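Values in this document were obtained by computation on a predicted structure and should not be read as measured data. Every heavy atom of this structure was used, including side-chain atoms; hydrogens, water molecules and symmetry mates were not.
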Protein chains: 2
Amino acid sequence: MLKLSKKADYGLIAVRHLAMRHLAGACSAKEIARTYAIPTELLAKILQKLVKKGLLVSQQGAEGGYALARDPATVTAFEVIKAIDGPLLITSCVTAHGDCSQAPTCTVKEPLGKVNEIIVKALNSVTISSLGDEGAEPPPSTSGLIQIGGAPQ
Amino acid sequence: MLKLSKKADYGLIAVRHLAMRHLAGACSAKEIARTYAIPTELLAKILQKLVKKGLLVSQQGAEGGYALARDPATVTAFEVIKAIDGPLLITSCVTAHGDCSQAPTCTVKEPLGKVNEIIVKALNSVTISSLGDEGAEPPPSTSGLIQIGGAPQ
DNA sequence: CCAAATCCGACCTTTTTGGTCGGAATTAGA
DNA sequence: TCTAATTCCGACCAAAAAGGTCGGATTTGG
């Protein structure tokens, strides 16, 4: 139905949480899970995936936990989603598999491919640091605008 | 995983098909289904939904079938998708339900709401008539561009 | 009347998703 | 060294959604 999975939601929430305390050291999965009422084990698995994809770093053992691997301003929502849910393909039959059963006649995917790119760009324009502070700081309209395609300068 | 349902795909394919023979009279579900190797009964149900939403008109009885209710240039991909899959909500917890279990602290939905709007606009900018002819006619770059937000004039 | 169609709802199957469990490896601190 | 807290990992299960099927009622042109 064209919506993000809960796992991706959870991932974004957690990553944002880590971004807000970026310089405060690591944070355990349990702590984050409790804060947002997310099933602990599930969140743990999600975070582990993000570690494997290089978005987070982890510290094992007591007093261990997770932390962002990079500056939050350089991490985009798309990276997080892709790491959790896999590549973003809007249609059921896009390149990379080639197993579209109605391939011979299916031409809708052509223009929808463009829509796909737009979505990716939109998600890529949302950085983790911009997931900001409880909406307390609505971004100024200029920087809040999400630029699609070539910058119209 | 953020992709369209097959039903929506089927719906778009069928609607496009009807658009291409817009002035040639009605077309039965069976015929369309055969053409694109889509399960007949499934496609029928999808088309019926589109009728109920006013996108198609139907003619019962022998020699009956479906036809577009409006000019294909005025029907957008988003309308078709919405008619089939329901309203497009990218996050699991957006307005209209208010049943976001982590609502108190979940702020990611704020910026993602913007992404949601972008997607809707993108899908709305794709008209059925633009789903064109087998890619035989790549649209000129100007009309092919999908405009998002205010036109950057 | 008959055949071809839409129409409609119930139902089933498969896939995906969300979530759980158990246990191994690691590590800081008492 | 022992212990508790933690990441790590795979297998497993349950619930939900999606995809697809079926039976039958209704309409309608020939």
Interatomic distance, B/Ile46 CD1 vs D/dA18 P [rounded to whole Å]: 13 Å

The side-chain hydrogen bond (donor to acceptor under 3.5 Å, both in side chains) partners of B/Ser58 (sequence neighbours excluded) come to none

Rounded to whole Å, OH of A/Tyr36 lies from P of C/dG19 at a distance of 17 Å

Test item: A/Ser130 side-chain N/O and A/Val126 main-chain N/O as donor-acceptor pair under 3.5 Å: no

Listing request: all side chain to side chain donor-acceptor pair (under 3.5 Å) pairs with a residue in residues 66-79 of chain A, at least two apart in sequence or in separate chains. A/Arg70-A/Glu79, A/Thr76-A/Asn124

Find the distance A/Arg34:CZ to D/dA5:P and express it as a whole number of Å. 11 Å

Rounded to whole Å, please give me the gap between NZ in A/Lys3 and P in D/dA17. 7 Å

Whole Å only: how far is the CD1 atom of B/Ile32 from the P atom of C/dA5? 12 Å

Reading 5' to 3' through nucleotides 21-30 of chain C, protein heavy-atom contacts under 4.0 Å coded B for base, S for sugar-phosphate only, - for none: B---BBBS--

Carboxylate-amine/guanidinium proximity below 4.0 Å for B/Lys30 and B/Glu41: no

Output yes when at least one side-chain N/O atom of B/Tyr10 is less than 4.0 Å from OP1 or OP2 of D/dG20, else no. yes

Let me know the distance between NZ of B/Lys30 and P of C/dA4, rounded to the nearest Å. 7 Å

Let's see if you can work this out: which of C/dG18, D/dT7, D/dG20 has an atom nearest to the side-chain heavy atoms of A/Ser5? C/dG18

Report the nucleotide, chosen from C/dC8, C/dT6, D/dG20, that has the shortest atom-to-atom distance to any side-chain atom of B/Pro39. D/dG20

